2 protein chains.
Amino acid sequence: MPKSAAPLYEQIRQLIVAALAEGEWRPGDALPSEAALAERFHASPGTVRRALDELTAAHVVERRQGAGTFVATHTAPRDAYRFLRLVADDGTVGFRRELVHCRRARASAETARALHLRTSEPVIEVRRLLLRGERAVVLDDLWLPERHFAGLSAEIINEYPGTLYALFEERYRVHMVRAEEKLRAVAASAEAASLLGLQGGAPLLSVDRVAFTYGDRPVELRRGLYHTEADHYRNQLN
Amino acid sequence: MPKSAAPLYEQIRQLIVAALAEGEWRPGDALPSEAALAERFHASPGTVRRALDELTAAHVVERRQGAGTFVATHTAPRDAYRFLRLVADDGTVGFRRELVHCRRARASAETARALHLRTSEPVIEVRRLLLRGERAVVLDDLWLPERHFAGLSAEIINEYPGTLYALFEERYRVHMVRAEEKLRAVAASAEAASLLGLQGGAPLLSVDRVAFTYGDRPVELRRGLYHTEADHYRNQLN
DNA sequence: GAGTGGTCTAGACCACGTA
DNA sequence: ACGTGGTCTAGACCACTCA
């Protein structure tokens, strides 16, 4: 029917994302049924279905036959480590977490650029370790815009039982949809080596990540240093 | 209509892949029209379309509106570097290639396992460099089962103008569909350092790849060592 | 049993590429 | 002008979940 540029299913997809960005449905909630959405958007069920197909492929929503369509969440055990590609060579899974610090700071030029902030805008800086047994495997540094994560503190992080992304979702209503990573091999700095219990200069996998919430708004910059002696970063190429 | 386990569109998808594996259509060829396929598989056009949707998403086929549906190829410039995730920090693209050797060998236990061969089955071993300007950025070692790549030689590789995957496709009718990679940071061995013009112990990104052809049959094992001083490996997380 | 998503069909009309 | 894929609709029937 519409002569406009984008096909109807694409417009509907965007309208659903906009509603998610505004918080009309929260992670874990059920969306209206396909028939109800079709009525709301004045489209046929098949067209709505196509929009939901794409959102399902992008892990924005999740369908459960017989039950409904639900907003994707990082709270569910299934999706807890969706963005962590590091796996042990022997298949072991799961890490113990240890917070190093959580403090207020000002955005560096690099952070500001990545997160679309003004330079020296307030950010929250988090550093933590991921450990297996007594060995530290990952050193993560995070930068978060304070305007989205006001009040985040070491206490809050330490008290929360789930992953950081689950915490961000539950407490700050910021749901991470996708991320872009840039990987490099680097030599461990003295500081990183000491935190990871290695010798300076040891090879580390550096993973720079920018994570995006609904509408492709960048809301987290993260730099991970992975000690890949008994672990590897797995990737699928299509 | 069928009560069998898999939905009809999935069965059709598999039948199309089987036909591709048997060489009924070669990379670059046009498939029959959706209507013709519907008739062939005794299904409705919508069902065939769904099968083609999935094959399109997997980059197995490519649709061109008004023209038809074509078997995906590594020959086309668009897809030449589909599996190379390494990009220069400044956006520069493209490498010069330099063959180090191409020789017959026997599969190691590791190679045999990755490629589903018997240990010490004949394989072809290729080593090459990728360079930008005068700087070597990548050292690649490849292992290929001789039974799929009989006669591959340094001459053949050096004479062929396109990528290795395009060569494999044109000359050996082996089309790479997808790949799995495992990444690590490692210290450069003396040999690798010398080939890449670095000092021993320099941090390198090690990329182990197994590439699969139609029907998930592994046909290439590759170990790349990437010098990531002015380049990075980019990845999208969904 | 009522309601949900999953599959499959049938057909209309449009946009595009080729010649 | 023709044939191709792209969009959109309408409806039937099935499989599953949950009260």
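Below, all heavy atoms of this structure are taken into account, side chains as well, without hydrogens, waters or symmetry copies. The structure presented is a predicted model; accordingly, all values stated were derived computationally and were not measured. Residue numbering restarts at 1 for every chain, and letters A, B, ... go by the order of the sequence lines.
The CG atom of B:L8 sits 9 Å away from the C1' atom of C:dT7 (whole-angstrom rounding). Atom pair B:L52:CG and D:dT4:C1' shows a separation of 13 Å (rounding to whole Å applied). Taking atom CD of residue A:Q11 and atom P of nucleotide D:dT7, one finds them 12 Å apart after rounding to whole Å. Protein atom CG of B:D53 is 14 Å distant from nucleotide atom P of C:dC8, rounded to whole Å. Spacing between atom CZ of A:R13 and atom P of D:dC8 amounts to 14 Å, rounded to whole angstrom units. Taking atom NE2 of A:H42 as the reference point, atom P of D:dC8 lies 15 Å away to the nearest angstrom. Straight-line distance from the CZ atom of A:R50 to the P atom of D:dG6: 8 Å, rounded to whole Å.
Partners of B:T92 under the side-chain contact (heavy atoms from CB on, under 4.5 Å) rule, at least two apart in sequence or in another chain, are B:A88, B:D90, B:R132. The side-chain contact (heavy atoms from CB on, under 4.5 Å) test applied to A:R147 returns A:L117, A:E121, A:P145, not counting sequence neighbours.
Within residues 24-39 of chain A, the residues that place at least one heavy atom under 4.0 Å from DNA chain C are, in residue-number order, A:S33, A:E34. Within residues 54-66 of chain B, the residues approaching DNA chain D are B:R63, B:R64, B:Q65, B:G66, by heavy-atom distance under 4.0 Å.
Among pairs with a residue in residues 10-31 of chain B, none fulfils ring pair (Phe, Tyr, Trp, His ring centres under 6.0 Å), at least two apart in sequence or across chains.
Proximity of B:T47 to the phosphate of C:dC8: no side-chain N or O atom is located under 4.0 Å from OP1 or OP2. The side chain of B:Y9 contributes an N or O atom lying less than 4.0 Å from OP1 or OP2 of C:dT7. At the phosphate of C:dG6, OP1 or OP2 sits under 4.0 Å from a side-chain N or O atom of A:R49.
When each of B:F83, B:Y81, B:F168 is paired with B:H74, the ring pair (Phe, Tyr, Trp, His ring centres under 6.0 Å) condition holds for B:F83 and for no other. Screening A:L139, A:I157, A:D140 for a side-chain contact (heavy atoms from CB on, under 4.5 Å) with A:R128, the sole residue that qualifies is A:D140.
Taking a cutoff of 4.0 Å between a charged side-chain nitrogen and a carboxylate oxygen, A:E24 and A:R40 qualify as a salt bridge.
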Donor-acceptor pairs under 3.5 angstrom involving side-chain atoms of residues 51-59 of chain A: please list them, not counting sequence neighbours.
{"unit_1": "A:D53", "atom_1": "OD1", "unit_2": "A:R63", "atom_2": "NH2", "d": "2.1"}
{"unit_1": "A:T56", "atom_1": "OG1", "unit_2": "A:L52", "atom_2": "O", "d": "2.7"}
{"unit_1": "A:H59", "atom_1": "ND1", "unit_2": "B:N238", "atom_2": "O", "d": "2.7"}

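Without hydrogens or angle criteria, B:R97 side chain to B:G162 main chain gives a donor-acceptor distance under 3.5 Å.
Ring pair A:Y214/A:H175: centre-to-centre distance below 6.0 Å.
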